[in-house]
Amino acid sequence: LPERPDLQFESELWKQGLTFIAGLDEAGRGALAGPVAAGAVVLPAGELDLPEHLRGVNDSKQMTHRDRQVWAQVIKKRGVSWAVGFASPNEIDRFGIAPATRLAMTRALDGLRCQVDYLLVDYLSLPEVNIPQKALVKGDARSLSIAAASILAKTARDILMIELDEAFPGYQLASNKGYATEGHRKAIEALGPCQHHRQTFSPVAEYYSLFPPKSKRDLE
């Protein structure tokens, strides 16, 4: 892996005459609550000094909350186009996490303001999208476009989880962002899940196996 994400893949595609290369990544795939988010970022073609201008951009998991916020704004200014898409907990339960993640990515692509020539996707492929593409293992550590997308997905989802914490207090969603911390798991045991928990994910599924909801209204 490179020391930081770079433009190796993007540069090869630019040399082939392709202009709009979209990097795609997700955030929230393993959480117990909240949607899965996907970011899509198109960086300006041919600007090989971009790694210097985006020197703080990395795999979002390797960055602090503050750094992600700062560099998200830089990405939005430097990018040709960007968008974030979501798939809801209900869609995750209905379709499964991988299809829901692809759905969020498709929605992010739909939000872009340019006709994309090629996709660089972290790990996943999007067979339902009729655009040439490459799935990259550890793509957020290898491609600057994918790393930028990971930051936008993460920051957008974090904002939403903070808002959900205000609407559904007690689960510590502002701090745990929906992930399975000890405090979050204990809150589910004490309060029961809320409508934004993923019913098919443990320990939410175990709770409902013991205390099945009597009606859809019980989930709201």
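Count residues from 1 along the sequence.
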Q. Say you draw a straight line from CG of Leu144 to CZ of Arg55; how long is it, rounded to the nearest 0.5 Å?
A. 12.5 Å
Q. If every non-hydrogen atom of Phe86 is compared with every non-hydrogen atom of Arg157, which pair is closest and at what distance?
A. CE2-CA, 4.3 Å
Q: Measure the shortest side-chain to side-chain distance between Arg78 and His53 over non-hydrogen atoms and say whether it is less than 4.5 angstrom.
A: yes
Q.
Tell me the closest heavy-atom pair linking Cys114 and Val42, and the distance in Å.
A. SG-CG2, 3.9 Å
Q | Arg198 side-chain N/O to Gly34 backbone N/O, donor-acceptor pair under 3.5 Å | A | yes
Q | Non-hydrogen side-chain atoms of Leu50 and Pro44 separated by less than 4.5 Å | A | yes
Q: May I ask whether Leu24 and Ile131 are part of the same hydrophobic cluster, defined by side-chain heavy atoms of I, L, V, M, F, W, Y residues being less than 4.5 angstrom apart, directly or through others?
A: yes
Q) So Leu124 and Arg29, side chain to side chain contact (heavy atoms under 4.5 Å, CB included) or not? Walk me through it. A) CA-CA 12 Å; Leu124 294 174; Arg29 183 168 176 164; 3.8 Å; yes
Q) Are Phe95 and Ile97 co-members of a hydrophobic cluster defined by side-chain heavy atoms under 4.5 Å apart? A) no
Q) Which one of Asp67, Asp140, Asp25, Asp122 satisfies the salt bridge (charged side-chain N to carboxylate O under 4.0 Å, His left out) criterion with Lys61? A) Asp140
Q: State, to 0.1 Å, how close Ala104 and Ala87 come at their nearest heavy-atom pair, and which atoms those are.
A: CB-N, 3.8 Å
Q) Is the OH atom of Tyr123 crowded by more than 12 outside heavy atoms at less than 6.0 Å? A) no
Q: Measure up the His184 and His197 rings against each other and bin them: parallel (under 30°), tilted (30 to 60°), perpendicular (over 60°).
A: tilted
**Q.** Gap separating the NE2 atom of His65 from the NZ atom of Lys154, nearest 0.5 angstrom
**A.** 9.0 Å
Q: May I ask you to decide if Val137's main-chain N or O and Arg142's side chain share a donor-acceptor pair within less than 3.5 Å?
A: yes
Q) Is there side-chain contact between Lys76 and Leu152, with heavy atoms separated by less than 4.5 Å? A) yes
Q. Does atom NZ of Lys186 have more than 12 heavy-atom neighbours, drawn from other residues, nucleotides or ligands, at distances under 6.0 Å?
A. no
Q: Decide if atom CD of Glu182 counts as having more than 12 heavy atoms of other residues, nucleotides or ligands within a radius under 6.0 Å.
A: no
Q. Does some side-chain heavy atom of Leu13 sit less than 4.5 Å from a side-chain heavy atom of Glu10?
A. no
**Q.** ILVMFWY network linking Val84 to Leu112, side-chain heavy atoms under 4.5 angstrom
**A.** no
Q: Taking all non-hydrogen atoms of both residues into account, name the closest pair between Ala22 and Val116 and its distance.
A: CB-CG1, 3.8 Å
Q | Hydrophobic cluster identity match, Ile159 and Val36, side-chain contacts under 4.5 Å | A | no
Q.
With salt bridge (charged side-chain N to carboxylate O under 4.0 Å, His left out) as the criterion, how do Glu91 and Arg107 come out once you've worked through the C-alpha distance, each side chain's angles and the decisive distance to 0.1 Å?
A. CA-CA 13 Å; Glu91 290 170 327; Arg107 288 169 174 165; 2.8 Å; yes
Q: For the residue pair Ile162 and Leu173, establish whether any side-chain heavy-atom pair is separated by less than 4.5 Å.
A: no
(Q) I need the minimum non-hydrogen distance between Ser88 and Pro35, along with the two atoms involved. (A) CA-CB, 4.2 Å
Q. Just wondering, do Phe9 and Leu136 contact through their side chains at under 4.5 Å, heavy atoms?
A. yes
Q. Under a single-linkage definition using a 4.5 Å side-chain heavy-atom cutoff for Ile, Leu, Val, Met, Phe, Trp and Tyr, are Val121 and Val129 assigned to the same hydrophobic cluster?
A. yes
(Q) Nearest 0.5 Å, please: how far is CD1 in Ile146 from NZ in Lys134? (A) 10.5 Å
(Q) Within the structure provided, determine whether Trp14 and Leu48 are in side-chain contact (heavy-atom separation under 4.5 Å). (A) yes
Q) About how many Å separate SG of Cys194 and CD1 of Ile188, when rounded to the nearest 0.5 Å? A) 8.5 Å
Q | Any side-chain donor near an acceptor of the partner, Glu26 and Thr101, under 3.5 Å | A | no
Q: Output the distance between atom CH2 (Trp82) and atom CD1 (Ile75), rounded to the nearest 0.5 Å.
A: 10.5 Å
Q) To the nearest 0.5 Å, how far apart are OG in Ser125 and CG in Leu119? A) 10.5 Å
Q: Over all heavy atoms of both residues, which pair between Glu128 and Thr106 is shortest? Give the atoms and the distance, please.
A: OE2-OG1, 3.7 Å
(Q) With no hydrogens and no angle check, just 3.5 Å: does a side-chain donor-acceptor pair link Thr181 and Gln172? (A) no
Q) Heavy atoms, side chains only, cut-off 4.5 Å: are Met63 and Val57 in contact? A) no
Q | Partner set under side-chain contact (heavy atoms from CB on, under 4.5 Å) for Arg113, not counting sequence neighbours | A | Ser81
(Q) Checking Leu109 against Leu126 for the side chain to side chain contact (heavy atoms under 4.5 Å, CB included) test, could you report, in this order, the C-alpha distance in whole Å, the side-chain angles of both residues, the deciding distance, and whether it holds? (A) CA-CA 11 Å; Leu109 283 174; Leu126 303 178; 4.2 Å; yes
Q: Tell me, with the steps shown, if Phe20 and Val80 meet side chain to side chain contact (heavy atoms under 4.5 Å, CB included).
A: CA-CA 8 Å; Phe20 300 119; Val80 172; 3.9 Å; yes
Q.
Please check: side-chain N/O of Thr155 versus main-chain N/O of Ile151, any donor-acceptor pairing under 3.5 Å?
A. yes
Q.
Within the supplied structure, the quantity of interest is the number of heavy atoms (other residues, nucleotides, ligands) at a distance under 6.0 Å from Asp49 CG; does it exceed 12?
A. yes
Q.
Working note: Leu7 + Leu43, criterion side chain to side chain contact (heavy atoms under 4.5 Å, CB included); need CA distance, chi angles, decisive distance, verdict.
A. CA-CA 10 Å; Leu7 294 173; Leu43 297 176; 4.3 Å; yes
